[in-house]
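So the structure is just underneath, and the comments pick up after that.
Just follow the structure's listing: the first ligand is 1, and inside any ligand the first atom is 1. Below, all heavy atoms of this structure are taken into account, side chains as well, without hydrogens, waters or symmetry copies.
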Amino acid sequence: MKHLVFGGIWLGFYLAIVLAPVAALLLVPTPQGGGFWWDVSMGLGFAALTMMAVQFVLTARFKRATAPFGVDVIYAFHRYLAYALLVIVLIHPLILILRDPSLLPAITAPWTVSFEISAGTVSLALLLVLVAASAFRKQLRIPYGTWRFTHLILSLGAVAFAFMHMFGISYYTDPPLIRGLWWLIGISILAIVVFVRFLRPLAMHRKPYQVTEVRPERADSWTVVVDPEGHDGFDFEPGQFAWLSVDRSPLLMSEHPFSIASAPGQGGRVEFVIKELGDFTNTIGQVEPGTRAYVDGPYGSFSVDRHPEAPGYGFMAGGIGIAPLISMIRTLDERGDRRPLVLFTGHSTWDRVPLREELDELEERMNLKVVHVLEKPPEDWEGESGWITREMLDRHLPEGRREFHYFICGPIPMIRAMEEFLGELGVRGTNIHTELFDMV
Ligand SMILES: Cc1cc2nc3c(=O)[nH]c(=O)nc-3n(C[C@H](O)[C@H](O)[C@H](O)COP(=O)(O)OP(=O)(O)OC[C@H]3O[C@@H](n4cnc5c(N)ncnc54)[C@H](O)[C@@H]3O)c2cc1C
């Protein structure tokens, strides 16, 4: 409930910020030859520029601001807002051109119009590239690191040209109050970028970690243990995640997100279970103990601690999706929690079930049932096989399951299927929580 209230307050705050510059337009009379559609177009332009500014705040990973939702939800919000923003930016000149077709060259031949008009066109073009590169990054095969760096440059460019467009035309920004407001917005964007890209990474330098253990797990995965060096680390809720960089300065934008797999309260020690999947993760197994690391966290809202009142919990892991779930199960074990827990894991073969010995031990000790579902089971396998189905959930989830809270982490098709099956078993959507290991 507290989180919903916070969420409502933040949403109201967002709308107030986006609409404030539109309201400020009312202070300035419409120029001769303007009219209703002119005002609409200007209002959209100003709203779009404020939305651009807020996009920087959304992705700045301010812990207090993201806590009510979880940073993954914020990133999704950022993505959808970007689409809305692009539509608004496109409508802004479209209205003007429909009113007065002689303005078309501003888009078709921007080099023939004044600088302040062409600056708007450049901003629009940068925004188009920015959104297209993000929406189709995987299809375009843009490596994540390259995308991330160009995303920053393109977004700064789009905002800079939008400001030149607005200040160049200057009609609506002449009154000192409005001009001051826009300067404040512009300086805030720069301050956020400086804070996120330089000051926060510099602060992380003062709180380094050391890799103390790297041990192999099944299915090309590794448990990586890091301990804080000369500080207490941070508190976290089981199931949350952190950004990890190993042997590289946090200034280099080289951090990757990983769920924390360990339980909290171990003197700042944090464990990750990392699967080999690409440039960074393929090298994780060769990291030597003693290597310097940096951990920025905690983030996310995928945690049993956000739903402590549940009479029991169901967990569903696809592959390495076990990582945040094992953190929650280990934590409940340490707390001596006796509520019923059921864990479903989906893997291709028996050899590729990470942490399965530990899961056996936990099953002995706790009120926990583990159901391994194997795509290709061995001949003598007596357990479940194939994909996790509705019937399997029905078979293994105990009485009272409708009131349980469920935590699902795995590939999208699996998450969607589990949501559907749980819905069919009468579980409310508010009791189902998901984590996707894929932000962009
Ligand atoms: C919230 C969250 C929790 C995660 N937890 C785990 C975990 O516990 N264990 C685990 O093995 N994996 C986890 N992942 C996935 C992990 O972040 C990626 O597998 C890893 O970053 C891949 O990097 P790479 O350089 O090896 O591969 P690449 O080939 O460079 O990247 C593969 C894909 O991973 C994603 N990715 C890469 N770098 C980043 C980055 N810096 N930020 C965001 N996404 C990135 C991109 O979608 C990319 O296409 C998690 C991801 C998220 C978003």
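- Environment of CD in E364: sparse, with no more than 12 heavy atoms of neighbouring residues, nucleotides or ligands closer than 6.0 Å.
- Near L277, with a cut-off below 4.0 Å to any heavy atom, the atoms of ligand 1 are 19 (O).
- Both the backbone and the side chain of S259 come within contact range of ligand 1, each with a heavy atom under 4.0 Å.
- Taking all heavy atoms of V273, T146, I274, D220 into account, the minimum distance to atom 9 (N) of ligand 1 is reached by V273.
- Ion pairing between a basic and an acidic side chain is recognised when a charged N comes within 4.0 Å of a carboxylate O; R352 and E375 show no such pairing.
- Taking a cutoff of 4.0 Å between a charged side-chain nitrogen and a carboxylate oxygen, D351 and K376 do not qualify as a salt bridge.
- Salt-bridge formation is detected for the pair R218/E357: a Lys NZ or Arg NE/NH1/NH2 atom is positioned less than 4.0 Å from an Asp or Glu carboxylate oxygen.
- Between the side chains of H372 and H347, no donor N or O sits under 3.5 Å from an acceptor N or O.
- Less than 4.0 angstrom separates some heavy atom of E255 from each of these atoms of ligand 1: 40 (C), 41 (N).
- A salt bridge links R428 with E403; the closest basic N to acidic carboxylate O contact falls under 4.0 Å.
- Of the heavy atoms in Y144, only side-chain atoms (C-beta onward) come closer than 4.0 Å to ligand 1.
- Applying the salt bridge (charged side-chain N to carboxylate O under 4.0 Å, His left out) test to D337 and every residue at least two apart in sequence or in another chain returns R339.
- Every atom of ligand 1 is numbered from 1 in the order shown, and the set under 4.0 Å from a heavy atom of A323 is 8 (O).
- Put simply, part of F241 is less than 4.0 Å from ligand 1, judged by heavy atoms.
- The environment of R148 atom CZ is dense: over 12 non-hydrogen atoms of other residues, nucleotides or ligands sit within 6.0 angstrom.
- When non-hydrogen atoms are compared, ligand 1 lies under 4.0 Å from the side chain of I320 (C-beta onward) but not from its backbone.
- Across F258, F280, F302, heavy-atom proximity to atom 12 (N) of ligand 1 is greatest for F258.
- Within the 4.0 Å heavy-atom shell around ligand 1 one finds R137.
- Taking distance alone, with nitrogen or oxygen atoms compared against 3.5 Å, E435 stays at or beyond that limit from ligand 1.
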